[in-house]
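All values below were derived from every heavy atom in this structure, side-chain atoms included, with hydrogens, water molecules and symmetry-related copies excluded.
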Amino acid sequence: MNSISKPLLQWFDQYGRHSLPWQAPHSSPRGGQSKPANIYHVWLSEVMLQQTQVSTVIDYFNNFIQYFPTLKALANASEDAVLAQWAGLGYYARARNLHKTAEIITEQFQGNFPQEFEQVLNLPGIGRSTAGAILALSYNQHHAILDGNVKRVLARVHQVEGHYSQAVTLNKLWQLAEFHTPNNRTNHYTQAIMDLGATLCTRSRPDCERCPISNLCAAYQNNTQASYPQSKPKKKKPTRSIAMLVFVKNNKIHLYKRPSKGIWGGLWSFVECEDTPNNIQKAQLTFDPQALITQHLPIFKHSFTHYHLLIHPIIISCHSTQAEFYPPDQLELGVPKPVEKIIAQIALAALAS
DNA sequence: AAGCCGGGGCG
DNA sequence: CGCCCAGGCTT
C-alpha cells in the first residue's frame, strides 16, 4: 500500500494554507520554519477548531489573544472573563477546560506547555487527535491526527465502510491515519491533509480533478466519492418549550450563572421554566411576589445538535427582590446566543418607546 | 456504545 | 430542514 504523504506534501507546498492567524509567520514551504510555532496559539486554535469551522474561528481567535496574549495571562484571568470572550462560539466546556489547563500548566509545568504526548493527552479538553495535532504542528513530533477532514479523506481513499461513530470504523481510520503519517515533515503533512479535506476533498462536490492523490483514491477510481464517508444513522430530534423570564428592575436585568454541568454551562442566563402558565406563575412568585408581567415577546426556535428549543421570552417588572441585576448595555458576562438575542430585542423596544 | 454539548453555514 | 464542522467527556 502506498502512502499519500509524498504527493500530498508536494501539493501542500504550493496550494496549502500558510497564513492562518495561528500559523508561524514566514513558514517556508520546505524544510522547517524561520520562526517556531507559538504553542499557545496552536493549542488555542486546535481547541477552538473542535467541531467548529475555520471561518468561524478566525475572528474569535484574534479577539481572544488580544484579551489573553499569553498562557500566563489566560491562567491569571477569571473563568467568567474567559467565558465572556468565548460566548457565541459554543461548546463552553472547551473554554472552561482551556482555562483549567492554563492553571495546571502554570502550577505543575512552570508555565511551559508539556512536550510529552501522555502529559498533553492528560490535560482537560485535549484528546488523542488534538494532542497529536499540537505536538506535530508545534514540534514536528510524529503523531497522527484524526479530525473530520482526515476521516473524510481516508474514508474515500480506502472506501472505508461504516460510520465513524462505530468503534470498528473509528479504529480502522486511526490505523490508516497512522500508516499515512510520514516520519519527516509530520508538521506539514498534518496541515496538508487538513487543507486537502477543507479545500478539495469537501463533503459535497469534491474537486477530484485538482486532487494530488486521486490516483491513490479508491473512491475516485470507482467513482464512489459521494458514498463516502458513509452517513450516520439518523435519529429524530425532540422539541422542548421553555419560558425565559426577563426580570427587570430600574432598567437592569436579572441574570444567574448556570451550573457548569449541562447546556450553556458557566454562562449567565435568564430564569427559565417549562412554558406553561402554572410554571411561569410559580417561578415568577418565587422570584418576587410583587412582580408583574409587562410584555410577551414572540416565541422563537433555537436548535441544537440533539434537540430543538422553543423559547418564549417574558418581560417582568419587579421591585421587592434582593437578587442581582445587571445593565444590559454593558455586560461583561458570557451569555448564550438566545439571551443575547432577547437583550437586543429589549434594547430595540426601549428605543421605540 | 451512546449521549451530551452550540452555533453557523450550506445544499 | 438535515447535515457537518481541526472532538472530548460522561454515563
Side-chain angles (χ1 to χ4, degrees), chain A residues 16-17 20-23 41-61 83 86-98 100-101 120-134 136-137 143-153 155 162-171 173-174 177 190-199 201-205 226 229-239 258-267 269 301-309 334-341:
Chain A
R17 295 177 290 186
L20 294 167
W22 44 87
Q23 290 176 327
H41 288 183
V42 172
W43 163 48
L44 173 62
S45 68
E46 283 302 322
V47 173
M48 283 188 166
L49 287 160
Q50 288 169 2
Q51 298 300 99
T52 311
Q53 295 192 346
V54 170
S55 56
T56 304
V57 165
I58 289 178
D59 285 345
Y60 276 90
F61 175 86
L83 281 169
W86 199 276
L89 198 53
Y91 286 115
Y92 299 98
R94 295 185 294 173
R96 299 194 305 271
N97 285 331
L98 194 78
K100 196 179 303 174
T101 290
V120 176
L121 185 60
N122 273 332
L123 297 168
I126 300 181
R128 182 176 173 185
S129 186
T130 301
I134 292 172
L137 293 171
H143 300 290
I145 65 161
L146 189 60
D147 69 341
N149 291 306
V150 181
K151 286 171 184 162
R152 188 171 55 255
V153 169
H163 189 265
Y164 43 76
S165 58
Q166 299 159 334
V168 193
T169 309
L170 194 62
N171 287 336
L173 288 168
W174 268 114
T190 301
Q191 187 64 48
I193 192 165
M194 290 192 288
D195 288 355
L196 185 80
T199 62
C201 196
T202 48
R203 183 163 67 93
S204 54
R205 294 169 47 84
Q230 291 187 355
S231 54
K232 182 179 178 171
K234 50 186 164 187
K235 234 169 271 185
K236 275 189 86 172
K237 292 185 196 175
T239 298
R258 302 177 64 96
S260 58
K261 191 179 151 166
I263 197 83
W264 300 319
L267 268 61
S269 188
K301 184 158 88 169
H302 187 83
S303 291
F304 300 108
T305 316
H306 45 306
Y307 65 94
H308 302 288
L309 198 56
V335 301
K337 216 62 181 173
V339 171
E340 187 183 306
K341 222 182 266 185

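- Comparing the P positions of dG8(C) and dG9(B) gives an interatomic distance of 24 Å, to the nearest angstrom.
- Between H302(A) and dG6(B) there is no side-chain polar atom (N or O) within less than 4.0 angstrom of OP1 or OP2.
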- Task: Start with the C-alpha distance between M48(A) and W22(A), add both sets of side-chain angles, then the distance that settles side-chain contact (heavy atoms from CB on, under 4.5 Å), and finish with yes or no.
- Result: CA-CA 11 Å; M48(A) 283 188 166; W22(A) 44 87; over 6 Å; no
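- When the side-chain nitrogen and oxygen atoms of R17(A) are compared with OP1 and OP2 of dA6(C), none of them lie within a distance under 4.0 Å.
- Rounded to an integer number of Å, the gap from F304(A) CZ to dG8(B) P is 11 Å.
- Sequence order on DNA chain B of the closest nucleotides to Q166(A) and Q53(A) puts Q166(A) first from the 5' end.
- Ranked by how close their nearest DNA chain B nucleotide is to the 5' end, R205(A) and S165(A) are led by S165(A).
- For Q166(A) against G162(A), the heavy-atom pair with the smallest separation is OE1-CA, 3.8 Å.
- Taking atom C1' on both dG8(B) and dC9(C), the two are 23 Å apart, rounded to the nearest angstrom.
- Remark: K235(A) is in phosphate contact with dG3(B), judged by side-chain N or O atoms under 4.0 Å from OP1 or OP2.
- Between K337(A) and dG8(B), a side-chain N or O to OP1/OP2 separation shorter than 4.0 Å is present.
- Side-chain atoms of T52(A) and base atoms of dG6(B) include a donor and an acceptor less than 3.5 Å apart.
- The interatomic distance linking F61(A) (CZ) with dC5(C) (C1') rounds to 19 Å, in whole Å.
- Closest to the side chain of Q51(A), from the set dG6(B), dG8(B), dG9(B), is dG6(B).
- Taking atom P in both dC10(B) and dA6(C), one finds a spacing of 13 Å when rounded to whole Å.
- Contact annotation: the side chain of L170(A) approaches that of L146(A) to within less than 4.5 Å [non-hydrogen atoms, C-beta and beyond].
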- Intermediate values then yes/no, side-chain contact (heavy atoms from CB on, under 4.5 Å), Q51(A) and Y91(A): CA-CA 9 Å; Q51(A) 298 300 99; Y91(A) 286 115; 3.9 Å; yes
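- Proximity of L20(A) to F61(A): side-chain heavy atoms (C-beta onward) are nowhere separated by under 4.5 Å.
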- Evaluate the side-chain contact (heavy atoms from CB on, under 4.5 Å) criterion for residues L89(A) and R94(A): first the C-alpha distance (whole Å), next the side-chain angles of each, then the deciding distance (0.1 Å), finally the verdict. CA-CA 10 Å; L89(A) 198 53; R94(A) 295 185 294 173; 3.7 Å; yes
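- Between dC9(C), dG8(B), dG6(B), one nucleotide has an atom nearer to the side chain of Y91(A) than all others, and that is dG6(B).
- For dC4(C) and dC5(B), the C1' atoms lie 15 Å apart once the distance is rounded to whole Å.
- A close approach under 4.0 Å does not occur between any side-chain nitrogen or oxygen of Y60(A) and OP1 or OP2 of dG7(B).
- Across dC4(C), dG7(B), dC5(B), the shortest atom-to-atom separation from the side chain of Y307(A) is found for dC5(B).
- Under 4.0 angstrom from either OP1 or OP2 of dA6(C) there lies no side-chain N or O belonging to W22(A).
- A donor and an acceptor atom never sit less than 3.5 Å apart when one is taken from the side chain of T130(A) and the other from the base of dG7(C).
- Note on K261(A): a side-chain N or O is less than 4.0 Å away from OP1 or OP2 of dT11(C).
- Residue A167(A) has its side chain nearest to dA1(B) when only dG7(C), dG7(B), dA1(B) are considered.
- Nucleotides dC5(C) and dA1(B) place their C1' atoms 23 Å apart, quoted to the nearest Å.
- In this structure, CG of D59(A) is placed 15 Å from C1' of dG7(B), rounded to the nearest angstrom.
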